[in-house]
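Note sheet for the following structure.
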Amino acid sequence: MPPAWTHVGRCWTNGEPFLALDGDLLPAWRGLSDQAYEALVPQLGYQLTGIPVGASTAAVVLTDPDVGDEGWLEVFRGDDGSVAVVQASAGDYRGTLAAALAFPAAGDHIGDLVTVPSGRLAFISAALDGTGENGAFLLPESPGPTPSSDRLDDDDATDASPILVVPPGTFRLSVLWCTELYQDAVFARWLFTRQD
């Protein structure tokens with residue numbers, strides 16, 4: 001039975017990838033201050049789903065330019081413990097997000113394992129630091145209705161991204177790249193499935 005999904009947060013991207021990593025690894029990522037993001041850019045490609053950060057691995061949520069050059073990455077929590085990130089472009093935004101979450105995972109590209117021993121799974125822009133003056137602005141997850149629009153409003157916090165409280169353990173990342181539902185509806189999905 002497919003999981004029931006709840007929207008818990010969103011991240012604005014200008015095309016830069018996001019990292020999903022254990023909260024304890026945040027100080028080890030220095031995307032801006034130590035030019036770690038600049039060093040990462042030449043490695044970026046569809047095959048890259050994880051990078052070393054500190055003593056562990058961060059998942060790479062590489063935005064799909066075939067979906068859009070900028071926009072929201074919508075973060076969902078499943079009632080089976082899984083987490084999904086969806087990038088969508090569509091007239092029926094809410095319907096496309098629902099279809100993306102329900103889409104079979106059989107054709108997904110299988111990616112890296114991400115260990116979250118602290119029980120805090122953070123999403124941050126790879127172009128920022130994990131902490132400090134140049135660090136990502138993290139907000140606790142905020143369960144609520146699925147957004148009905150991908151519009152950027154003046155009061156949207158585009159520099160914020162969510163941090164989720166999860167049972168300590170490991171997730172397997174799988175990626176479904178740009179998928180067309182119908183003429184003006186496309187999405188990409190990053191699925192984090194519990195391994196324990």
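- Residues Pro143 and Thr6 come closest through the heavy atom pair CB-CG2, 3.9 Å.
- Without hydrogens or angle criteria, Gln87 side chain to Gly71 main chain gives no donor-acceptor distance under 3.5 Å.
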Check your understanding: Which is it for Leu21 and Leu121 under the side chain to side chain contact (heavy atoms under 4.5 Å, CB included) test, yes or no, and what are the steps along the way?
Key -> CA-CA 6 Å; Leu21 69 168; Leu121 177 62; 5.9 Å; no
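- Scanning both residues, Pro17 and Leu44, for their nearest heavy atoms gives CG-CD1, 4.0 Å.
- Here the OG atom belonging to Ser82 is positioned 8.0 Å from the CZ atom belonging to Phe171, to the nearest 0.5 angstrom.
- The heavy-atom pair separating Leu138 from Pro162 by the smallest distance is CD2-O, 4.1 Å.
- Between Leu19 and Ala126 the shortest heavy-atom distance is CG-CB, 4.0 Å.
- Surrounding CD of Gln195 are more than 12 heavy atoms belonging to other residues, nucleotides or ligands, all under 6.0 Å away.
- Looking at heavy atoms from C-beta onward, Val116 lies out of side-chain contact with Thr170 at the 4.5 angstrom threshold.
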Check your understanding: Should Asp108 and Leu176 be marked as a side chain to side chain contact (heavy atoms under 4.5 Å, CB included) after you check the CA-CA gap, both sets of side-chain angles, and the distance that decides it?
Key -> CA-CA 5 Å; Asp108 285 18; Leu176 183 61; 3.5 Å; yes
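- By the criterion of side-chain heavy atoms lying less than 4.5 angstrom apart, applied directly or through intervening Ile, Leu, Val, Met, Phe, Trp or Tyr residues, Val186 is not grouped with Leu73; the two fall into different hydrophobic clusters.
- Here the side chain of Arg189 pairs a donor or acceptor atom with the backbone of Ala100 at under 3.5 angstrom.
- In this structure, the separation between CH2 on Trp12 and CD on Glu70 is 4.5 Å, given to the nearest 0.5 Å.
- Using a 4.5 Å cut-off between side-chain heavy atoms of Ile, Leu, Val, Met, Phe, Trp and Tyr, with links allowed through other members, Ile110 and Val175 fall into different hydrophobic clusters.
- Both the sub-6.0 Å distance and the 45° axial angle are not jointly satisfied by Arg172 relative to the ring of Phe192.
- Between the side chain of Glu74 and the backbone N or O of Pro147, no donor-acceptor pair lies under 3.5 Å.
- Between Phe76 and Trp5, the ring planes are perpendicular. Angles over 60° get that label, and only those under 30° would be called parallel.
- Annotation for Cys11 and Val75: closest pair SG-CG2, 4.3 Å, computed over non-hydrogen atoms.
- Side-chain contact between Tyr182 and Asp92: present, with at least one pair of heavy atoms (C-beta onward) separated by less than 4.5 Å.
- Remark: the backbone N or O of Pro3 is not paired with any side-chain donor or acceptor of Asp80 at under 3.5 angstrom.
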**Study point:** Intermediate values then yes/no, side chain to side chain contact (heavy atoms under 4.5 Å, CB included), Val83 and Phe123
**Key:** CA-CA 11 Å; Val83 174; Phe123 291 88; 4.0 Å; yes
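- Taking OG of Ser56 as the start and CG of Leu25 as the end, the distance is 5.5 Å to the nearest 0.5 Å.
- Using a 4.5 Å heavy-atom cutoff, the side chains of Asp66 and Trp177 are not in contact.
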Practice item. Test side chain to side chain contact (heavy atoms under 4.5 Å, CB included) on Tyr46 and Asp64 and set out the steps. Key: CA-CA 9 Å; Tyr46 287 142; Asp64 193 323; 3.4 Å; yes
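- In the hydrophobic clustering of this structure, Val8 does not group with Trp72; members are Ile, Leu, Val, Met, Phe, Trp, Tyr whose side-chain heavy atoms approach within less than 4.5 Å, directly or through other members.
- A donor-acceptor pair under 3.5 Å links the side-chain atoms of Asp79 to the main chain of Ala4, judged by distance alone.
- Distance check: Thr146 OG1 to Arg10 CZ gives 10.0 Å after rounding to the nearest 0.5 Å.
- Asp34 pairs by the salt bridge (Lys or Arg N to Asp or Glu O under 4.0 Å) definition with Arg30, not counting sequence neighbours.
- Using a 4.5 Å cut-off on side-chain heavy atoms (C-beta onward), Asp69 and Thr63 make no contact.
- Linking ILVMFWY residues whenever their side-chain heavy atoms come closer than 4.5 Å, directly or via other members, places Leu191 and Leu97 in the same cluster.
- The line from NE2 of His7 to CZ of Arg94 is 10.0 Å long, rounded to the nearest 0.5 Å.
- Taking each heavy atom of Ala88 and Thr96 in turn, the nearest pair found is CB-CG2, 4.1 Å.
- The side chain to side chain donor-acceptor pair (under 3.5 Å) pairs that include a residue from residues 109-129 are Glu16-Ser125, Asp22-Ser118, Asp24-Arg120, Ser33-Asp129, Thr49-Asp112, where partners are two or more places apart or lie in different chains.
- Interatomic distance, CG of Leu62 versus CD of Gln43, reported as 12.0 Å (0.5 Å rounding).
- When hydrophobic clusters are built by joining Ile, Leu, Val, Met, Phe, Trp and Tyr residues whose side-chain heavy atoms come closer than 4.5 Å, directly or via intermediates, Ile163 is grouped together with Val166.
- Two residues are said to be in side-chain contact when any heavy atoms from C-beta on lie closer than 4.5 Å; Ile124 and Leu26 meet this criterion.
- For the ring-ring contact (aromatic ring centres under 6.0 Å, His included) test, residues two or more places apart in sequence or in another chain that qualify with Phe187 are Phe103.
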